[in-house]
Number of protein chains: 2
Amino acid sequence: MHNSQVPAETWSIAELAAEYDVTLRTIRFYEDRGLLNPERRGTARVYHPRDRVRLALILRGKRLGFSLDEIAKIVDMYDAEPGEEGQLAYLLDQITHRRTELEQRRRDIEETLQDLAEVEARCHADLKALRDQSDSR
Amino acid sequence: MHNSQVPAETWSIAELAAEYDVTLRTIRFYEDRGLLNPERRGTARVYHPRDRVRLALILRGKRLGFSLDEIAKIVDMYDAEPGEEGQLAYLLDQITHRRTELEQRRRDIEETLQDLAEVEARCHADLKALRDQSDSR
DNA sequence: TTCGTGCTTGACGCTTACGTAAACGTAAAG
DNA sequence: CTTTACGTTTACGTAAGCGTCAAGCACGAA
């Protein structure tokens, strides 16, 4: 078995912040809340691909409106060790729970998109009415 | 043109709170932020179907992770008067904006659901491994 | 009249998710 | 050696979204 020699790229906190358009404060805050655990080289933080993925997951969770506490649980699911049976059952339970939530949100989105389409149609109708009115003057 | 005589039902704050499972404080807070404008009968609040719809829209917005300020803009779009051309153009712009956001969120949800499916599959595989192992003892 | 029930308006408290200095370390470049 | 860039911790500030009293009004039943 050979050591598959991937570059094993790393990033500084500033690089990661620039890439994902967040502040350094935000990244450090996520670490403070246990969402990130970068390596330390001296006192400085060094981020590995794994940390990068976690940050992306965190931000996706935020866009979805989850709290950081919820995001912590979700993200930790991805990194979960095989563990024993009870742990796996718990994980499966969590998955079901999150899926239910997400499907509710998807329904909310569909409904809202439809509502927006209606408002838009009304808008166009109103615009047409205005134009017809001014044309006939 | 006859006066279509719908019952014109109304609700108290407590009834509305119970129906949507929010506290009185929450409903009053939404009013404070300009999201609701119930009728007053003496000092008491009286909610009409229109208010009920708005509350439902607010809560859906919350599930979608919008801030109350954003929700205010969205909900007000529904009730917008025909208005003049500039106003309508602004509204259409807002609609496009919201739609873009919602479509991003929908993509996030799809991705997350797929990720969850993968974690779930891994989970089931791990469970199977555990069972096979204990079977062979 | 008194009680209970449901409503009202403050007003202070709390948590989340950061922003915003302040004060300091370190390492390469000029 | 000093400047500059980039990083660090500590800590107070703040906006949002309510929770949680406190104190009081209104109204029908007992």
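Throughout, a chain's letter reflects where its sequence line sits, starting with A, and its residues are numbered from 1. No experiment lies behind these values; they were computed from the predicted model shown.
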* Report yes if the side chains of A:Tyr30 and A:Ile71 come closer than 4.5 Å at any heavy-atom pair, otherwise no. => no

* Asked: Just by distance, do the side chain of B:Asp79 and the backbone of B:Asp76 share a donor-acceptor pair under 3.5 Å?
  -> no

* Mark yes or no for whether A:Arg106, through its side chain, and B:Glu110, through its backbone, hold a donor-acceptor pair below 3.5 Å. => no

Would you tabulate the pairs of protein nitrogen or oxygen atoms and nucleotide nitrogen or oxygen atoms of nucleotides 14-16 of chain C closer than 3.5 angstrom?
none

Tabulate atom names and distances for all N/O pairs under 3.5 angstrom spanning the protein and nucleotides 6-9 of chain C.
{"residue": "C:dC7", "atom": "OP1", "partner": "B:Ser12", "partner atom": "OG", "Å": "3.1"}
{"residue": "C:dT8", "atom": "OP1", "partner": "B:Arg45", "partner atom": "N", "Å": "2.9"}
{"residue": "C:dT8", "atom": "OP1", "partner": "B:Arg45", "partner atom": "NH1", "Å": "3.0"}
{"residue": "C:dT8", "atom": "OP2", "partner": "B:Arg28", "partner atom": "NE", "Å": "3.3"}
{"residue": "C:dT8", "atom": "OP2", "partner": "B:Arg28", "partner atom": "NH2", "Å": "3.1"}
{"residue": "C:dT8", "atom": "O5'", "partner": "B:Arg45", "partner atom": "NH1", "Å": "3.2"}
{"residue": "C:dT9", "atom": "OP1", "partner": "B:Arg40", "partner atom": "NH1", "Å": "3.0"}
{"residue": "C:dT9", "atom": "OP1", "partner": "B:Arg40", "partner atom": "NH2", "Å": "2.9"}
{"residue": "C:dT9", "atom": "OP1", "partner": "B:Arg45", "partner atom": "NH2", "Å": "3.4"}
{"residue": "C:dT9", "atom": "OP2", "partner": "B:Arg45", "partner atom": "NH1", "Å": "2.7"}
{"residue": "C:dT9", "atom": "OP2", "partner": "B:Arg45", "partner atom": "NH2", "Å": "2.6"}

* Asked: So, are B:Glu70 and B:Lys73 salt-bridged, with charged N and O less than 4.0 Å apart?
  -> no

* **Presence of salt bridge, A:Arg131 and B:Glu85, under 4.0 angstrom** => yes

* To do: May I have the distance from A:Arg25 (atom CZ) to C:dA21 (atom C1'), rounded to whole angstrom?
  => 12 Å

* Asked: Taking any atom under 4.0 angstrom from a heavy atom of chain A, which nucleotides of DNA chain D are the first and last to qualify, 5' to 3'?
  -> D:dG7 to D:dA11

* Asked: Can A:Arg105 be said to sit on top of A:Phe66's aromatic six-ring, NZ or CZ under 6.0 Å from centre and within 45° of the ring axis?
  -> yes

* Among all residues two or more places apart in sequence or in another chain, which pass the side chain to side chain donor-acceptor pair (under 3.5 Å) test with B:Thr26? -> B:Thr23

* Report the residues that fulfil side chain to side chain donor-acceptor pair (under 3.5 Å) with A:Glu31, sequence neighbours left out, ordered by chain and then residue number. => A:Arg40, A:Arg45

* **A:Glu81 atom CD, over 12 foreign heavy atoms within 6.0 Å** => no

* **Partner residues of A:Arg52 under the salt bridge (charged side-chain N to carboxylate O under 4.0 Å, His left out) criterion, sequence neighbours left out** => A:Glu19

